[in-house]
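Here the structure is laid out as C-alpha cells; the discussion comes afterwards.
Whatever order the structure lists them in is the order used to number ligands and atoms, beginning at 1.
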Amino acid sequence: MQYEVVLPAAGSGKRMGAGQNKLFLELLEKPILIHTLEVFEQDENCTGIWLAVKPEERAVIQKMLANYGISKVKGLPDGGAERQHSVHACMKEMEQVDIVLVHDAARPFITHDIIANLVQSANNFGAAIAGVRAKDTMKKVRNGIIEETVDRESLWMIQTPQAFRFDLIVEAEDVAEKVGFLGTDEAMLVERLGHEVHIVESNYENVKMTTKEDLLFGEAILRKRALKNNV
Ligand code: CTP
Ligand code: MG
C-alpha cells in the first residue's frame, strides 16, 4: 500500500556536539541524511518524500539529493523552532494522500518490512507507531530516590516512523497548533483527540543518531548488513 513520508531534518544536533547539523555526518562515508533518504527512495510503496530543512541548508541539501540520485523529494519547506513545527510545515504543503508517515531523518536503519506493517496498521486503525519493548528494569525516581518499580510489561520505547491516515494527522496538528500544544511525538497529538494509537513492534537497530556513541552503533549496523548481503 502506498504512502508519502515526512522527514524532519531541520534540527541542529546539539547533543551530538559536532558543531553542525548531525545529519551531515557520515556513516561509512555517506551522510546520515542520505542513508535515511535511500530507504524511502528504494521503497516502491513510497510515492513522495517531504523534507523540512533549515533555509540556510537548503542549497547544500538539494545538491546532495542530486549527487546521490534521490528523486522522490516533492518539497523542502522551512523547518521551525521545534520538531513539531518542522513536521507541520511539510504537512501544510502536502496534497491529500491516504497514509502519511512521519520519520526522524536521524533514524537511518528503518526497514521496509516495519514500514509496511505501519502503513497497514495505520490504514486499518488510523494511527500506528513503531516501538520496542523496554529491556531494563524500569523505576520511577524523584530527587534521586526510587518511588516505585514500574511494571515493564506495559512499557515500550517509542520510535519513528509514526503512520497516520492523512485526515487524522491533519486534524491533530491543526488542533495542537490552535491551542499551542507541543508534543514530543505525533502520536501525542492524536492521543489528545481521544483516538487510539496502535503499536507496531520494531527492532533495536532503529536507533536515532543522537550522541557520539550512536555513530559507533550505526557503523556497526551498516557493517553487519553489508556482510549479510555479501553471503
Ligand atoms: N528536527 C527538525 N526541526 C527541529 C528539531 C529537530 O526538523 N526544530 C529534526 C532533526 O533534524 C531530526 C529529528 O527532528 O532529524 C529528530 O530530532 P533530534 O534527534 O532531537 O535532532 P536535533 O534536534 O537535531 O538534535 P538535538 O535535540 O540534540 O539538538
Ligand atoms: Mg532535538
Side-chain angles (χ1 to χ4, degrees), residues 4-27 30-41 46 48-65 68 70 72-94 100-111 114-115 118 129-132 157-164 169 172-173 176-177 180-189 202 204-219 221:
E4 290 195 4
V5 66
V6 167
L7 300 175
S12 40
K14 285 206 193 80
R15 286 170 289 176
M16 188 62 79
Q20 62 167 332
N21 187 342
K22 63 188 178 183
L23 299 175
F24 297 139
L25 298 181
E26 298 191 343
L27 295 174
K30 194 187 282 179
I32 291 170
L33 179 61
I34 297 298
H35 282 290
T36 307
L37 283 163
E38 282 182 346
V39 175
F40 295 98
E41 182 71 23
C46 178
I49 301 171
W50 298 83
L51 207 53
V53 300
K54 285 190 173 160
E56 64 272 24
E57 292 175 351
R58 182 173 291 105
V60 59
I61 288 177
Q62 279 173 321
K63 201 172 280 170
M64 281 168 58
L65 298 180
Y68 286 95
I70 306 293
K72 289 187 185 172
V73 175
K74 288 188 168 175
L76 301 94
D78 287 359
E82 301 290 340
R83 180 184 169 286
Q84 184 178 316
H85 301 138
S86 298
V87 171
H88 199 50
C90 291
M91 297 294 307
K92 277 196 231 169
E93 287 202 3
M94 286 175 80
V100 54
L101 254 67
V102 179
H103 182 60
D104 293 325
R107 290 187 194 268
F109 308 116
I110 187 63
T111 57
I114 294 168
I115 292 171
L118 283 159
I129 66 177
V132 287
M157 302 189 291
I158 299 308
Q159 309 170 336
T160 68
Q162 304 201 341
F164 307 94
I169 187 66
E173 288 197 347
E177 188 176 60
F181 177 82
L182 208 55
T184 51
D185 68 353
E186 281 59 51
M188 267 181 93
L189 313 186
S202 173
Y204 296 100
E205 288 190 4
N206 183 28
V207 285
K208 183 156 66 69
M209 298 294 102
T210 304
T211 56
K212 284 252 154 65
E213 51 277 14
D214 293 325
L215 302 175
L216 296 176
F217 302 146
E219 293 210 322
I221 290 168

Query - Qualifying salt bridge (charged side-chain N to carboxylate O under 4.0 Å, His left out) pairs with a residue from residues 72-81, counting only residues at least two apart or across chains - result: E4-K74, R58-D78

Query raised in the report: How would you list all residue pairs meeting salt bridge (charged side-chain N to carboxylate O under 4.0 Å, His left out) that involve residues 8-17, not counting sequence neighbours?
Result: none

Query raised in the report: By side chain to side chain donor-acceptor pair (under 3.5 Å), which residues pair with E38, not counting sequence neighbours?
Result: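 E38 satisfies side chain to side chain donor-acceptor pair (under 3.5 Å) with K30 once adjacent residues are dropped.
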
Query raised in the report: Using a 4.0 angstrom limit on heavy atoms, which residues are close to ligand 1?
Result: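 Around ligand 1, where the cutoff is 4.0 Å for heavy atoms, the contacting residues are P8, A9, A10, G11, S12, G13, K14, R15, K22, L23, G80, A81, E82, R83, S86, D104, A105, A106, K208.
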
Report summary line: Taking every heavy atom of P31 against every heavy atom of Y68, the minimum-distance pair comes out as CD-OH, 3.4 Å

Requested in this report: Mind listing the closest non-hydrogen atom pair of P108 and L27 along with its distance?
Outcome: CG-CD1, 4.3 Å

Query - Step-by-step side chain to side chain contact (heavy atoms under 4.5 Å, CB included) determination, Q159 to I110 - result: CA-CA 10 Å; Q159 309 170 336; I110 187 63; 5.7 Å; no

